[in-house]
Amino acid sequence: GKVQIGWQAEPSNDVLGYVIYQDIGSVTVAIDTVYGKYNTYYSDSSLKENPLTKQVKYRIGVLDSCLNISPALSYHTSSFLNYSIDKCKKEIKLYWTKYQGWKSIKSHEILYKTDYNKSWIVYKEYNQDITSAIITNLKFDKKIYLKIISISQLFCFPSSCTSNTVSRKMCTQQIST
């Protein structure tokens with residue numbers, strides 16, 4: 001598994017790059033450095049913890065031209081999605097860990113796809129900060145893939161966090177449009 005993170009460029013003109021920190025257990029460890037003021041993206045493929053089975057925490061510090069590192073910003077975490085199935089009610093209960101690092105969540109989108117429709121489709125959008133939802137009207141014959149996107153409105157543009165993807169072979173969602 002791999003986690004991809006992005007952030008806004010530091011407004012200061014004296015930016016050499018960014019130090020990426022990860023919380024491993026209860027210890028914050030510098031795991032890499034991204035050089036360049038506008039290089040504000042990092043893909044972590046050398047994880048000590050599997051993001052498919054656990055929430056992962058990151059911090060970012062700013063590196064200046066004198067090699068001073070600012071105090072690391074507050075934690076930002078991945079969202080971890082899990083589910084349970086009730087075959088009698090023909091529903092899937094989704095529950096996920098709350099994204100940490102934003103002051104507020106604008107909305108959550110539940111997306112799904114099957115082996116037959118390869119594109120992600122929005123099942124429902126919730127305009128509130130929740131950590132669980134129920135999908136109903138299930139048909140038990142296809143594989144379904146599900147994920148959650150949490151959205152925050154920061155400044156003039158939205159930021160988002162996409163959870164891990166969960167799948168289950170025994171059911172699919174029938175959606176009427």
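Predicted, not measured: the structure shown is a model, and the values here were computed from it. Numbers for residues simply follow the sequence, beginning at 1.
A donor-acceptor pair under 3.5 Å links the side-chain atoms of Ser70 to the main chain of Val62, judged by distance alone. With Asp86 contributing its side chain and Glu91 its backbone, the two residues share no donor-acceptor pair below 3.5 Å. At distances below 3.5 Å, not a single donor-acceptor pair connects side-chain atoms of Thr40 with backbone N or O atoms of Ala9.
For the pair Lys37/Asn13, a side-chain contact is recorded, criterion being any heavy-atom separation below 4.5 Å from C-beta on. At least one side-chain heavy atom of Ile31 sits under 4.5 Å from a side-chain heavy atom of Tyr42. Counting only heavy atoms from C-beta outward, the side chains of Tyr58 and Asp44 approach each other to under 4.5 Å. Using a 4.5 Å heavy-atom cutoff, the side chains of Leu16 and Tyr35 are in contact.
A distance of 12.5 Å separates CG of Leu111 from OH of Tyr123, quoted to the nearest 0.5 Å. Here the OH-OG1 distance, from Tyr21 to Thr28, works out to 9.0 Å after rounding to the nearest 0.5 Å. Between the CD1 atom of Ile130 and the CD1 atom of Ile148 there is a distance of 7.5 Å, given to the nearest 0.5 Å. Between the OG atom in Ser150 and the CD atom in Glu109 there is a gap of 9.5 Å [rounded to 0.5 Å].
Across Asp14 and Ser65, no two heavy atoms sit closer than the pair OD1-OG, 2.6 Å. For the residue pair Glu10 and Tyr18, the shortest heavy atom distance occurs at N-OH, 3.0 Å. The two residues Lys93 and Ser132 have their closest heavy-atom pair at CE-CB, 4.2 Å. The two residues Asn127 and Glu125 come nearest to each other via the heavy atoms OD1-OE2, 3.4 Å. Scanning both residues, Trp7 and Asn39, for their nearest heavy atoms gives CZ2-O, 3.6 Å. When all heavy atoms of Ala133 and Ile110 are compared, the closest pair comes out as CB-CD1, 3.5 Å.
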Run Ile60 and Ile20 through side chain to side chain contact (heavy atoms under 4.5 Å, CB included) and show every step you take.
CA-CA 5 Å; Ile60 298 172; Ile20 312 298; 4.2 Å; yes
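Note: the hydrophobic cluster containing Val15 does not contain Tyr38 (ILVMFWY, side chain heavy atoms under 4.5 Å, direct or indirect links). Follow the hydrophobic side-chain contacts under 4.5 Å out from Ile135 and you reach Tyr83 in the same cluster. One hydrophobic cluster holds both Ile151 and Val122 under the rule that ILVMFWY side chains link at heavy-atom gaps under 4.5 Å.
Here the options are Trp96, Tyr95, Tyr126, the test is ring pair (Phe, Tyr, Trp, His ring centres under 6.0 Å), and the partner is His108; only Trp96 passes. If you run side-chain contact (heavy atoms from CB on, under 4.5 Å) between Leu94 and each of Ile134, Leu146, Asn82, only Leu146 comes through.
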